[in-house]
A.B. asks: 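Let me begin by handing over the structure; questions about it come next.
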Amino acid sequence: MEDRPYVLLSCGMSIDGYVDSADEERLLLSNDADFDRVDEVRAGCDAILVGAGTVRQDNPRLLVRDEARRRARIARGERPDPVKVTVTGTCDLDPRARFFTLGEAEKLVYCASPAVPSARRRLGGLATVVDAGDPLDLARVTGDLARRGVGRLMVEGGGTVHTQFLTAGLADELQLVVAPFFVGDSKAPRFVGDGTFPWSPHRRADLIEVRQIGDVVLLRYALSDRFRD
């Protein structure tokens, strides 16, 4: 077992790099064909991680949708859905969120140390709450996931989490889908925030694949020597 899982980051963005609008209504950045591709990627992973902000704002299900893929996972001796994972500094999470209430997959909540006692009181019957250090340490999170048998981890956002994984050098692959429009609003959230990234004009990421999927484009980047096609 590696000291951390293979980490695949997945994100959709506008041409100008935004992952949502500044409005309350969620911005759809993909199409049905790409949603199906993402479902296939999910089905091949052991766990899916999102930040607590994504749980609060998007209320994602994080389930494999296609029944054939669910049956294939069961045939491999796995649960129909990957383990659900979130990371949080404060554990300001609603126990009624679909992250907790939908699906039979194991749910893991990695909290900064000061929030662990309250998190266990609030979520103890719904998820396993794990102390992730103070401040929250993603290397500690990924190390614990590896010890729990997670070999392939899909990270679906949001921007803060993507930024943290990338700047920490904990990502092996990036799957980035570009939608054919602009958002043009600096109040809207972007794919990543400010930070010191391992890839720069002096160290370019390796572009492995470019694929048109209807009206969107998938860009796949290898971010480490652990990349697996």
Side-chain angles (χ1 to χ4, degrees), residues 1-13 17-20 41-42 45-58 60 62 82-93 99 107-116 119 128-177 189-208 219-229:
M1 175 67 67
E2 297 277 357
D3 60 352
R4 68 170 176 84
Y6 181 89
V7 177
L8 182 159
L9 271 57
S10 176
C11 185
M13 71 177 191
Y18 291 96
V19 296
D20 205 346
V41 176
R42 281 182 176 178
C45 291
D46 301 308
I48 304 171
L49 183 150
V50 295
T54 297
V55 174
R56 288 190 292 267
Q57 183 171 340
D58 295 344
L62 302 182
V83 175
K84 296 184 184 185
V85 184
T86 191
V87 292
T88 174
T90 63
C91 199
D92 180 17
L93 292 168
F99 179 96
K107 289 95 175 173
L108 300 173
V109 178
Y110 289 90
C111 285
S113 300
V116 168
T128 300
V129 176
V130 184
D131 189 335
D134 187 19
L136 189 145
D137 183 354
L138 284 181
R140 184 166 168 173
V141 170
T142 55
D144 184 76
L145 286 171
R147 289 188 290 274
R148 293 175 186 271
V150 173
R152 188 175 181 90
L153 173 66
M154 185 176 185
V155 179
E156 294 197 24
T160 298
V161 169
H162 280 147
T163 301
Q164 291 171 338
F165 269 92
L166 289 165
T167 56
L170 292 173
D172 301 298
E173 178 179 346
L174 170 62
Q175 296 188 4
L176 186 63
V177 166
R190 300 185 70 92
F191 163 43
V192 293
D194 295 344
T196 302
F197 296 87
W199 307 275
S200 69
H202 306 291
R203 185 194 173 195
R204 296 177 180 235
D206 293 326
L207 179 61
I208 301 300
L219 306 174
R220 289 182 69 207
Y221 292 93
L223 301 181
S224 82
D225 57 9
R226 304 172 80 210
F227 175 82
R228 298 195 295 267
D229 198 358

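Treat the numbers as computed from the prediction; the structure is a model and nothing was measured.
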A.B. asks: Mind listing the closest non-hydrogen atom pair of Cys11 and Val19 along with its distance?
C.D. replies: SG-CG1, 3.5 Å
A.B. asks: Which pair of non-hydrogen atoms, one from Met13 and one from Phe191, has the smallest distance, and what is that distance?
C.D. replies: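 So the two residues come closest at SD-CB, 4.1 Å.
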A.B. asks: With a 4.5 Å heavy-atom cut-off, do Val109 and Val130 have their side chains touching?
C.D. replies: no
A.B. asks: Enumerate the ring-ring contact (aromatic ring centres under 6.0 Å, His included) contacts for residues 129-157, please, sequence neighbours excluded, ordered by first and then second residue.
C.D. replies: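 Checked against ring-ring contact (aromatic ring centres under 6.0 Å, His included) - neighbours excluded - no pair reaches residues 129-157.
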A.B. asks: Report the distance from atom CG of Asp20 to atom CD of Gln57, rounding to the nearest 0.5 Å.
C.D. replies: 5.5 Å
A.B. asks: Show the nearest heavy-atom pair for residues Leu170 and Ala139, with the distance to one decimal.
C.D. replies: CD1-N, 3.8 Å
A.B. asks: Within the 3.5 Å criterion, strictly below it, is a donor on Glu173 or Tyr6 matched to an acceptor on the partner's side chain?
C.D. replies: yes
A.B. asks: Between Arg226 (side chain only) and Val7 (backbone N and O only), is there a donor and an acceptor less than 3.5 Å apart?
C.D. replies: no
A.B. asks: Any chance you could lay out the side chain to side chain contact (heavy atoms under 4.5 Å, CB included) test for Val83 and Leu108, step after step, and finish with the verdict?
C.D. replies: CA-CA 8 Å; Val83 175; Leu108 300 173; 3.9 Å; yes
A.B. asks: What's the separation between atom CG in Asp58 and atom CZ in Phe99, rounded to the nearest 0.5 Å?
C.D. replies: 13.5 Å
A.B. asks: For Leu174 and Arg220, what are the C-alpha separation, side-chain angles and deciding distance, and is it a side chain to side chain contact (heavy atoms under 4.5 Å, CB included)?
C.D. replies: CA-CA 6 Å; Leu174 170 62; Arg220 289 182 69 207; over 6 Å; no
A.B. asks: Calculate, to the nearest 0.5 Å, the distance between atoms SG and CG belonging to Cys111 and Leu136 respectively.
C.D. replies: 8.0 Å
A.B. asks: Going by side-chain hydrogen bond (donor to acceptor under 3.5 Å, both in side chains), name the residues that satisfy it together with Asp46, two or more places apart in sequence or in a different chain.
C.D. replies: none
A.B. asks: Between CZ of Arg152 and CG of Leu145, what distance do you get to the nearest 0.5 Å?
C.D. replies: 14.5 Å
A.B. asks: State whether a side-chain donor-acceptor pair under 3.5 Å links Ser113 with Asp134.
C.D. replies: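 No, no side-chain donor-acceptor pair sits under 3.5 Å.
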A.B. asks: Go through the steps for Arg42 and Glu156 under the test side chain to side chain contact (heavy atoms under 4.5 Å, CB included), then give the verdict.
C.D. replies: CA-CA 10 Å; Arg42 281 182 176 178; Glu156 294 197 24; 2.7 Å; yes
A.B. asks: Counting N and O atoms only, with roles assigned by atom type, does the side chain of Thr163 sit under 3.5 Å from a partner on the main chain of Gly159, one being a donor and the other an acceptor?
C.D. replies: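 Indeed, once roles are kept as given, a pair shorter than 3.5 Å links the two residues.
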A.B. asks: Val161 versus Val50: any side-chain heavy-atom pair under 4.5 Å?
C.D. replies: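 No, their side chains stay 4.5 Å or more apart.
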A.B. asks: To check you understand the geometry: which heavy-atom pair defines the closest contact between Leu223 and Ala171, and what is its length?
C.D. replies: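 That would be CB-O, 3.5 Å.
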A.B. asks: Does the side chain of Tyr110 pick up a donor-acceptor pair with the side chain of Asp144 at under 3.5 Å?
C.D. replies: yes
A.B. asks: Give the C-alpha distance, both sets of side-chain angles, the deciding distance and a yes or no for side chain to side chain contact (heavy atoms under 4.5 Å, CB included) between Asp172 and Arg4.
C.D. replies: CA-CA 11 Å; Asp172 301 298; Arg4 68 170 176 84; 2.8 Å; yes
A.B. asks: Is any side-chain heavy atom of Arg204 closer than 4.5 Å to a side-chain heavy atom of Tyr221?
C.D. replies: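 Not touching, per the 4.5 Å side-chain cut-off.
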A.B. asks: So which atom in Val55 and which in Thr86 form the shortest heavy-atom distance, rounded to 0.1 Å?
C.D. replies: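 Closest approach of Val55 to Thr86, heavy atoms only: CG2-OG1, 3.8 Å.
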A.B. asks: In Å, rounded to the nearest 0.5 Å, how long is the span from CG of Leu9 to CG of Leu166?
C.D. replies: 5.0 Å
A.B. asks: For a quick test of reading the model, state the closest non-hydrogen atom pair linking Thr167 to Pro198 and the distance between them.
C.D. replies: CA-CD, 4.3 Å
A.B. asks: Between atom CG of Leu49 and atom CZ of Phe165, what is the distance when rounded to the nearest 0.5 Å?
C.D. replies: 5.0 Å
